[in-house]
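To start, the structure under review is shown below, and the notes come after it.
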Protein chains: 4
Amino acid sequence: MRFNVSSELAYQFRSPGTLILNIHALKTSSQQILEEFFLVEPYFFYEELLSLSADNRFVRINVTEPSPLKLRYKATVDNSYTLLDPSDLYEVPLRDMDALVLSYLNPSRYCQSDKLYRLANNMFGHIENAFEKVLALTEWIYNNVEYLSGSTNSQTSAYDTVTEQAGVCRDFAHLGIALCRALTIPARYFTGYSYKLSPPDFHACFEAYLGGRWIIFDPTRLAPLNGLVKIATGRDAADTAIASIFGDVQFDAISVTCESAEDNFVPHSYTQLNARPLSYL
Amino acid sequence: MRFNVSSELAYQFRSPGTLILNIHALKTSSQQILEEFFLVEPYFFYEELLSLSADNRFVRINVTEPSPLKLRYKATVDNSYTLLDPSDLYEVPLRDMDALVLSYLNPSRYCQSDKLYRLANNMFGHIENAFEKVLALTEWIYNNVEYLSGSTNSQTSAYDTVTEQAGVCRDFAHLGIALCRALTIPARYFTGYSYKLSPPDFHACFEAYLGGRWIIFDPTRLAPLNGLVKIATGRDAADTAIASIFGDVQFDAISVTCESAEDNFVPHSYTQLNARPLSYL
Amino acid sequence: MRFNVSSELAYQFRSPGTLILNIHALKTSSQQILEEFFLVEPYFFYEELLSLSADNRFVRINVTEPSPLKLRYKATVDNSYTLLDPSDLYEVPLRDMDALVLSYLNPSRYCQSDKLYRLANNMFGHIENAFEKVLALTEWIYNNVEYLSGSTNSQTSAYDTVTEQAGVCRDFAHLGIALCRALTIPARYFTGYSYKLSPPDFHACFEAYLGGRWIIFDPTRLAPLNGLVKIATGRDAADTAIASIFGDVQFDAISVTCESAEDNFVPHSYTQLNARPLSYL
Amino acid sequence: MRFNVSSELAYQFRSPGTLILNIHALKTSSQQILEEFFLVEPYFFYEELLSLSADNRFVRINVTEPSPLKLRYKATVDNSYTLLDPSDLYEVPLRDMDALVLSYLNPSRYCQSDKLYRLANNMFGHIENAFEKVLALTEWIYNNVEYLSGSTNSQTSAYDTVTEQAGVCRDFAHLGIALCRALTIPARYFTGYSYKLSPPDFHACFEAYLGGRWIIFDPTRLAPLNGLVKIATGRDAADTAIASIFGDVQFDAISVTCESAEDNFVPHSYTQLNARPLSYL
């Protein structure tokens with residue numbers, strides 16, 4: 001599937017500072033960047049960095065004097081995914097996980113799975129099939145957590161959300177991840193451009209490691225699972241912040257788009273009967 | 001410096017399960033393993049894993065049936081470190097940090113630096129020299145946090161400790177890391193064997209990234225800075241747990257030793273006049 | 001019903017200090033003290049205080065020099081209660097609550113009902129009958145929170161317990177209270193002596209204001225509802241601590257007893273079919 | 001001193017509901033209401049309630065159908081206060097506190113003094129004079145906590161503010177109270193109208209029990225200490241909320257005024273040399 005994505009961000013730097021941006025589409029074996037355009041206005045020196053695990057491609061801009069700053073990104077991306085058979089998505093035994101996968105069992109800043117162990121097991125521990133288990137917790141989040149813009153902030157974590165039951169996509173994803181890890185299922189945060197998300201914005205959901213693959217889940221049900229263009233994966237939003245800002249900076253504006261470049265888009269979701277699990281990698 | 005280190009851990013597995021151990025001395029350019037011995041009693045299949053960033057060497061043991069389990073580790077390690085000039089330990093500009101170093105600015109499970117920004121800057125932001133700044137926060141922890149065995153548990157984080165002001169080495173280290181990151185200084189958790197630690201146990205302290213090097217700090221002041229044998233570094237204790245246990249397991253006993261294999265050990269600490277910063281790598 | 005209750009507490013005062021004890025049986029229209037005995041060994045001046053709302057009768061002991069301290073309390077109490085008809089236990093409209101009852105809707109130190117509003121309403125808001133609603137949340141606590149001595153401490157609150165799902169009677173009661181208040185049902189903490197509690201100890205449960213009366217609930221199900229001798233009610237454990245200690249004091253020992261002074265005790269619980277709600281006042 | 005105070009609040013009740021308002025000036029031996037006017041538009045039945053300890057006079061309005069609702073309050077108040085000698089403000093021994101005063105040592109929803117014991121004693125425990133001690137902690141709050149509208153919400157507590165160091169008058173007061181209680185000084189929350197507060201609004205500060213009197217403190221330093229008209233005192237904002245709303249209600253607008261009805265107002269603050277402690281009761 002081809003998608004045209006774009007984002008524009010505007011800031012006021014009231015002092016020199018540094019901006020670390022995480023808005024570039026990731027290059028993976030199943031996601032090719034056909035065309036890409038990035039503009040820093042006015043120009044300041046910037047460079048692209050890739051995280052050690054190659055799941056995060058970011059740009060660091062050194063703003064050397066007070067200035068407004070506008071960032072424009074545009075890309076055409078070719079994206080493929082695999083639909084799997086639910087019965088293949090067994091719970092991977094710990095002995096078959098490599099070191100990187102194991103690290104996605106650890107609690108992280110926004111996903112304190114260590115505090116949710118009893119709760120997760122009381123609620124979902126009885127479900128035998130691993131894919132059903134993650135579906136069930138995703139559905140529970142959808143049914144119980146109210147999507148409420150402005151109800152949370154950058155410090156809100158899964159430990160808050162499991163009780164307060166309101167938040168935005170980021171909070172929904174963190175809670176899904178924390179519940180998975182509490183059930184000994186590796187899970188990671190996924191940020192991306194999202195086709196048919198309304199209003200358009202960056203989106204966050206999560207991937208769980210099932211049957212040896214990373215399967216996508218979206219507890220918000222706000223957009224089709226097969227309309228995502230991956231920006232990054234990481235332990236949680238701390239690893240994949242759209243923008244990390246150092247300096248005296250004021251945020252001005254953001255706009256994001258994601259359009260299908262083809263005609264035949266058929267939305268995929270897990271609410272359909274016999275829905276097949278979807279993996280981007 | 002040569003050290004002989006050892007550890008023994010004993011568990012009761014009441015069900016089959018998995019144990020991930022993090023007690024092997026790390027192999028680095030400045031830390032060689034001269035001899036090493038590891039025994040699992042009774043024998044169960046195990047394998048050694050290395051984290052992606054090679055800062056964490058762990059062993060996964062698959063316990064296939066209920067059983068007592070004893071683990072014995074012994075090593076002779078040759079360890080070197082560098083003493084630096086405090087004036088070289090400038091605060092590294094963000095533009096000169098690589099992707100891995102930048103990740104040590106992110107908040108993590110036990111080091112919620114994002115919540116300590118104002119506090120850290122109110123308390124230590126006025127100190128110009130970066131090494132002095134980290135020394136000052138380390139000294140503040142030493143002076144204000146009471147070392148109190150049993151006062152905290154595996155869920156205690158820097159956010160708790162900054163207020164409750166009691167804890168053990170792990171809590172001291174987490175608070176040091178969180179304060180550094182809140183001051184835009186990358187910092188990471190360090191676990192190791194520690195010479196002259198009393199009572200003997202695994203030790204935890206932290207490293208701050210100053211002048212392009214990782215400098216060791218120990219807010220507990222319980223042991224000499226040059227008597228450490230590194231086991232692992234990571235974002236916090238979530239990455240470097242001595243033992244991660246999956247299954248119905250009871251902990252029975254632990255014993256740890258660390259002896260100097262040479263005669264001429266001269267303890268190094270930052271409380272000495274004009275003390276020089278110490279880096280293991 | 002007559003009960004013989006007793007308690008003994010022993011401390012070491014390493015400095016002069018003050019002890020505020022909350023172990024005397026309360027005097028109410030339905031609870032008479034037939035005999036009572038209180039001894040402070042060695043003798044230090046003490047006086048009895050009654051809280052403004054007369055729901056808490058405590059003793060303050062001024063220990064003027066370092067000393068061991070032993071407290072002995074014994075009483076024979078005559079206690080009555082009322083069994084009600086569930087259909088009378090309607091949800092009291094706010095307009096019919098007096099100022100004191102209204103104050104039991106406020107969040108308190110250990111019962112942060114303001115944070116549980118959505119959760120409580122998602123889980124129990126659909127239940128029409130008020131008594132059924134409180135029964136349901138009490139049953140949910142019983143089924144999901146593990147009774148685990150030592151798993152919590154004096155800082156643990158309902159906000160922790162709702163997620164971590166382990167605790168002791170105090171934590172069970174706090175969670176019950178917080179959920180009631182989040183559902184706009186006034187609720188208060190109840191401490192007392194408890195017949196047939198095993199092992200014998202002080203007990204904590206809670207009362208909800210239904211149909212214009214305070215109805216007793218015990219999410220632990222550890223003892224009969226009609227075997228309680230009230231010591232105090234309050235907003236939560238902060239108001240009704242068994243002992244508040246000021247000074248350098250070490251706790252040594254506690255023993256508590258509660259025996260029926262009659263032969264015909266028939267235990268009452270809400271797990272029986274058509275169980276009738278019980279009110280002590 | 002005479003003050004003219006007024007407040008107007010406007011709501012939209014989208015369902016029937018109840019509003020409990022706490023905006024009437026309190027009647028005390030040192031605060032007389034010369035004239036008073038309260039209007040509910042459109043009219044719904046309401047009644048005035050007084051808390052058990054007579055420190056809180058509130059009005060409950062039963063809104064029986066969906067409706068806009070406007071509340072207008074106006075009063076002329078005659079207010080006196082006492083200036084004391086700092087040397088009289090000794091720390092009251094526990095043996096001389098009555099039951100009500102003792103209750104202001106307990107931790108409460110927004111003032112978790114039990115968690116701040118070490119911190120408070122590390123920072124202020126060395127100060128001998130009790131008035132100086134409370135002045136010092138008030139000054140520390142003023143110097144370290146940033147007054148930042150919108151940075152906190154109705155769930156923010158002293159435990160948050162001591163670390164995050166931003167908030168509004170309510171948060172400043174909660175932190176002052178929690179620190180006092182952690183130092184064994186009874187403290188209570190104070191809400192009122194405040195002369196020369198800019199922008200005009202309800203104000204919150206706190207009272208500490210020193211030398212047998214309640215002494216006023218305001219860590220925000222936003223208004224003169226002798227320009228306050230007391231609405232209520234309580235354990236914290238949970239007891240004294242300006243408005244407690246039950247039902248589906250939208251807040252529309254608020255306006256508050258407080259004018260001196262005399263010419264000779266001389267502002268009093270503790271930043272003046274040899275400032276004298278001020279007590280309203």
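Reminder, nothing fancy here: chain letters follow the sequence lines and each chain counts from 1. Every value quoted in this text rests on a predicted model; they were computed, and no experiment measured them.
Taking the side chain as every heavy atom from C-beta outward, B:Ile245 and B:Tyr11 approach each other to under 4.5 Å. Contact of the B:Tyr189 side chain with the B:Tyr104 side chain is not registered, since no non-hydrogen atoms from C-beta on lie closer than 4.5 Å. The shortest distance between side-chain heavy atoms of A:Glu207 and A:Lys230 falls below 4.5 Å. For the pair B:Val162/B:Leu119, a side-chain contact is recorded, criterion being any heavy-atom separation below 4.5 Å from C-beta on. B:Phe190 has its side chain within reach of B:Tyr280: a pair of non-hydrogen atoms, C-beta onward, lies under 4.5 Å apart. By the 4.5 Å heavy-atom criterion applied to side chains, B:Tyr90 and B:Leu210 are not counted as neighbours. Residues B:Glu47 and B:Val59 are not in side-chain contact: their nearest non-hydrogen atoms beyond the backbone lie 4.5 Å or more apart.
Using a 4.5 Å cut-off between heavy atoms, A:Ser154 touches chain B through its backbone atoms (N, CA, C, O) alone. Neither the backbone nor the side chain of B:Asn56 comes within contact range of chain A; no heavy atom of the residue lies under 4.5 Å from a heavy atom of that chain. Heavy atoms of A:Asn62 lying under 4.5 Å from chain B belong exclusively to its side chain. Proximity to chain A involves both the backbone and the side chain of B:Arg95, based on heavy atoms less than 4.5 angstrom apart. Residue B:Phe58 touches chain A through its side chain alone, counting heavy-atom pairs closer than 4.5 Å. Interface remark: A:Tyr110 contributes side-chain atoms only to the contact with chain B (heavy atom separation under 4.5 Å). Heavy atoms closer than 4.5 Å to chain A are found in both the backbone and the side chain of B:Leu94. A:Leu102 touches chain B through its side chain: at least one heavy atom from C-beta onward sits under 4.5 Å away, while N, CA, C and O do not.
Annotation: cation-pi pair B:Lys133/B:Phe124 absent, no NZ/CZ under 6.0 Å from the ring centroid and within 45° of its normal.
Among B:Lys115, B:Arg60, B:Gln155, the residue with the largest count of heavy-atom pairs under 4.5 Å with chain A is B:Arg60. Each of A:Leu50, A:Leu105, A:Leu52 has some count of heavy-atom pairs under 4.5 Å with chain B, and the biggest count is that of A:Leu52. Ranked by heavy-atom pairs under 4.5 Å with chain A, the list B:Ser108, B:Ser53, B:Ser51 is led by B:Ser108. Taking A:Gly234, A:Ala241, A:Ala238, A:Ser244 one by one and counting their heavy-atom pairs under 4.5 Å with chain B, the maximum is reached by A:Ala238.
Within residues 18-26 of chain A, the residues having any heavy atom closer than 4.5 Å to a heavy atom of chain B are A:Thr18, A:Ile20, listed by residue number. The contact list for residues 166-188 of chain A toward chain B, using heavy atoms and a distance under 4.5 Å, reads A:Thr184 by residue number.
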Set out, in order, the CA-CA distance, both residues' side-chain angles and the distance that settles salt bridge (Lys or Arg N to Asp or Glu O under 4.0 Å) for A:Glu36 and A:Arg57, then state yes or no.
CA-CA 13 Å; A:Glu36 195 176 50; A:Arg57 183 186 164 211; 2.7 Å; yes
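A salt bridge between B:Asp239 and A:Arg235 is present, with a side-chain N of the basic residue lying under 4.0 Å from a carboxylate O of the acidic one.
Around atom CZ of B:Phe13, more than 12 heavy atoms belonging to other residues, nucleotides or ligands sit under 6.0 Å away. Around atom CD of A:Glu128, no more than 12 heavy atoms belonging to other residues, nucleotides or ligands sit under 6.0 Å away.
Side-chain atoms of B:Thr156 do not come within 3.5 Å of backbone N or O of B:Thr152 as any donor-acceptor pair. Looking only at distances, a side-chain donor or acceptor of A:Ser103 sits under 3.5 Å from a matching main-chain atom of A:Leu100. Between the side chain of A:Gln112 and the backbone N or O of A:Tyr159 there is at least one donor-acceptor pair closer than 3.5 Å.
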